[in-house]
Amino acid sequence: MSGFDTVIVADWASGKSSGPSPRKDAIWIGVASARKLEPPLYFRSRIAAEAWLQERLTGEVARGHRVLASFDFPFAYPRGFAAKVTGQDDPFALWAWLAARITDTQAGENNRFDVAADINRSFGGNGPFWGNPLKREIAGLARTKADYDLYGLPEKRTCEEGISGLFTCWQLAGAGAVGAQVLMGLPMLHRLRVHFGSAISTWPLETADTPIVLAEIWPSLIGPAVKEAEGRGEIRDAAQVRLLAKALASMPAGELAGMMDIPHTPEGAILGVGHEERLCVGATAFDAPVLADDCFALPAGVAWTPVDEALAMLRARLKPIASVRDCGVGDAAALILAQDVRAPRSNPPEPNTAVDGYGFAFASLGAPPHELPLLAGRAAAGVPFKGAVPAGCALRVLTGAALPSGVDTVVLEEDVNTDGARIAFNGPVKALGNTRKAGEDVAAGDTVLKAGRKITPADAALLSAVGLRDLPVFARLRVGVLSTGDELVEAGAQAKAGQIFDANRPMLLAQLAQWEFEAVDLGRAPDDRAVLRRMLDQGVQACDAILTSGGASAGDEDHMSALLADSGSLALWRIALKPGRPLALGLWHGTPIFGLPGNPVAALVCTLIFARPALNLLSGAGWSEPQGFMVPAAFEKRKKPGRREFLRARIREGRVETFKSEGSGRISGLSWAEGLVELPDGAAEVKQGTLVRYIPFTSF
Ligand code: AMP
Ligand code: MG
């Protein structure tokens, strides 16, 4: 059985719907994959949470993913209960029975206590459920455990025995009680089961080999990790689902499969019991790659933000969000090192000879010309000479051979005469000549490469030479590209009047690929907020960051900025920059979105100037600054102060020339150019020969 691509952990609730601001004891859902930990989601009502679950699971299955969907309430009652209520000894019959009777509303008004009382009355009226917290009396449901009868049912399930702090599902009220949640949760599971049919199974009631697997979890298993997060100010329920999803998602597939390998039982089981320590390690193992909600906020009241200030803000607030994994040196080219790595062994590990020739002890030489007796045997690379070379004697040595004991200096074979028994040579010899010292290249323990390094083919040689096989690397950053606008059609398709071909998407995808990010084509969105919302929802599941183009301003059809504003994390960056209208930056479910202007020229300039260094930082490679060069101008231009300007440019005959038009719709000029001229924020007057800053496209 393969592992899970996505882990969902839901903290269910039984009461009335909660308010708009996230709070504890409400419904929270955590989502994680090995690649990505999503910020926990807060739901005001069960109906909203169930709708989200259905949509998310549908999307995951459509992409061929396997999902572990787990919930924090028992999936079954102690043995005998289902049979007594439904006539069938089958937990799923009880799910269906409850689904047919439990009612719920948007406001969260429900009849859970009345249904429990009905069941109690059918047993005799004193149990098995107890605990009525409502103002009204309910016949058959006692407020406390007085006059209580279990009617022969067990208090707990077999799997609950010996676990302290666990409440029984019979207790419906009181702090920490879970009973009411079971009554409100099982009908929801029943509906998921019906909806997804053969694509869903329930662990360990059934064989869990389907795309969706439902499982029961208990957040107290990672109590210490949650306490730590609470100490940092996180809402407990949010921390529970976030950390448990992270712990399960970070577990190797085989290990999780082992944890789930228990016999089927109609009473169900709690996933992870007996593995608490392992789960806590997973929950706290790596720092959650989550960006702060306000990471794109700009200072209030500033009309136009200078480019350098905007860049400084991005630099200060973004951080690596890609996950870390081990990778073989041979597969690591173009990946980014996540930690400094040290040399386990020196290079070279021992002193050796750099040439083919004859080795001896320098101190044993007399005055030239030299004649030394030749020992039998030789030292070759990988085949050391056994034994020592006596003072005054020489030994045949071949390039790369470790220097035998008694040899510190080598003379080149071409400088020597030999008759097989002696060697003779003249001229000056340098102590340690033609040899390499141990560790002269790299000493054991030296840092060979630093975190943030993009591994090159030469690095693979260096790492291998010091004996490194596996490296901690960041997973390649997945960057989505989405075009927006009703006017866009795919190049090559029939374009009607008023339509244009989508030029930004191919440009941005190619640029990302050139930067060696994983470019993800998210397609085109019409100027329709609902469709755009859906495409972003799906996009963030497959991407670590997204570049959109179009609709980034504040106009009627600027849906990108409007949506980001709705999500509460929009910052409309009005940057003092030409070309480039406002840049809409925001987080969509924790994923950074760079809302670029629609204009291809502005879209590319904003990508080069802002998205490039930001993506680099997110990827783990650190902030990047393009290398520019001062080059004499082959053009003339006067520029007013107040904004930075970038001109499409290229170098010919040692001078930088600019495109004939500055029109921002001129895509031909982008293609003509090989780089940009950057004119400073202040006023400037460029004459023929004035030195201007030229940045080749390849420097970004
Ligand atoms: P917007 O930012 O959506 O107002 O678009 C500004 C200009 O860029 C308009 O003329 C759009 O038609 C054009 N535009 C937007 N997206 C694209 C695209 N993907 N390819 C080419 N032109 C585009
Ligand atoms: Mg548009």
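FYI, side chains are in, hydrogens and waters are out, and symmetry mates aren't considered; it's all heavy atoms of this structure. Numbering of ligands and ligand atoms starts at 1, following listing order.
- The aromatic rings of Trp573 and Phe610 stand perpendicular to each other, their planes meeting at an angle above 60°, with 30° marking the opposite boundary.
- Residue-to-ligand polar distances keep Gly550 apart from ligand 1: every N/O pair is separated by 3.5 Å or more.
- Taking CZ from Arg23 and CD1 from Ile235, the interatomic distance works out to 9.5 Å, rounded to the nearest 0.5 Å.
- Residue Gly551 places a heavy atom less than 4.0 Å from ligand 1.
- For the atom pair CG (Asp528) and CZ (Arg534), the distance works out to 8.0 Å, reported to the nearest 0.5 Å.
- Once rounded to the nearest 0.5 Å, the distance linking CZ of Arg242 with CG of Asp237 reads 13.0 Å.
- To the nearest 0.5 Å, atom CZ of residue Phe196 and atom CG of residue Leu57 are 4.5 Å apart.
- Remark: ligand 1 and Asp502 share an N or O pair separated by less than 3.5 Å (distance only, no angle test).
- Against a heavy-atom cut-off of under 4.0 Å, Asn599 is close to the following atoms of ligand 1: 6 (C), 7 (C), 8 (O).
- Annotation: Ala552 places no N or O atom under 3.5 Å from an N or O atom of ligand 1; distance criterion only.
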